[in-house]
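Working notes for the structure below.
As the structure is a prediction and not an experimental result, all values here were calculated from the model.
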Amino acid sequence: MARNSQVMSQEELLRETVAHLDLNTGKEIKLPAAIVKILTDKKASLKEWESAIGLYQVAGASGLLAYLEGLDSFRQHFGTDRTAISKEQVLPCQKNSSHFAL
């Protein structure tokens, strides 16, 4: 990724965080903004968001990035392709304009 035409390192990308509600615990957590963007761009389902948050809390960013790299393959294997989604299936994240899918 680049910011103002400069390539950013993985560490720089993961440093920026946004507040997000963990629906399993009801607590607010800080997720890397880049991860939120990837999940949003992939139109992640609620289950995928929950899995990603849980994995991030246990394995950290590197474990979560491995999960995200394989997400499309998981979807193809299990027949849960999320390429077509309606606006009614999208909920906003806290304190930003990102969204996630149900």
Side-chain angles (χ1 to χ4, degrees):
M1 285 188 137
R3 182 190 296 169
N4 299 330
S5 300
Q6 288 183 328
V7 176
M8 297 173 64
S9 71
Q10 180 178 338
E11 184 178 296
E12 290 172 314
L13 285 171
L14 297 175
R15 192 175 307 142
E16 245 181 89
T17 61
V18 293
H20 187 80
L21 180 64
D22 180 348
L23 297 176
N24 289 325
T25 64
K27 294 181 181 180
E28 187 176 280
I29 61 166
K30 299 280 185 182
L31 288 176
I35 302 263
V36 171
K37 180 169 179 9
I38 292 168
L39 286 164
T40 301
D41 290 349
K42 288 183 175 282
K43 297 180 174 105
S45 69
L46 180 58
K47 181 69 176 164
E48 290 167 343
W49 273 89
E50 290 173 348
S51 296
I53 290 168
L55 185 58
Y56 178 71
Q57 291 173 327
V58 173
S62 59
L64 180 53
L65 288 171
Y67 167 76
L68 292 173
E69 286 176 1
L71 187 56
D72 293 331
S73 295
F74 295 147
R75 288 173 172 174
Q76 287 177 344
H77 180 74
F78 293 107
T80 57
D81 189 12
R82 305 282 302 170
T83 55
I85 189 165
S86 68
K87 289 181 181 177
E88 294 79 33
Q89 295 174 293
V90 176
L91 297 173
C93 286
Q94 291 186 336
K95 298 182 184 179
N96 69 13
S97 60
S98 298
H99 294 77
F100 64 92
L102 292 173

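- Here the straight-line distance linking atom CD of Gln57 with atom CG of Leu31 works out to 8.0 Å at 0.5 Å rounding.
- Rounded to the nearest 0.5 Å, atoms CG (Leu64) and CG (Leu71) are 10.0 Å apart.
- Of the residues listed (Leu39, Thr40, Ile38), the one engaging Val36 in a side-chain contact (heavy atoms from CB on, under 4.5 Å) is Thr40, and it is the only one.
- Within the 4.5 Å cutoff, the side chain of Tyr67 has no heavy atoms near those of the Tyr56 side chain.
- The pair Glu48-Arg75 meets the salt-bridge criterion, since a charged nitrogen lies less than 4.0 angstrom from a carboxylate oxygen.
- Atoms CG and CD, on Asp22 and Glu50 in that order, are 8.0 Å from each other to the nearest 0.5 Å.
- Taking all atoms of both residues into account, the shortest heavy-atom contact from Gly63 to Leu55 is O-CD2, 3.4 Å.
- Ring-plane geometry between Trp49 and His20 is classed as parallel, the angle between the planes falling under 30 degrees on a 0 to 90 degree scale with a further cut at 60.
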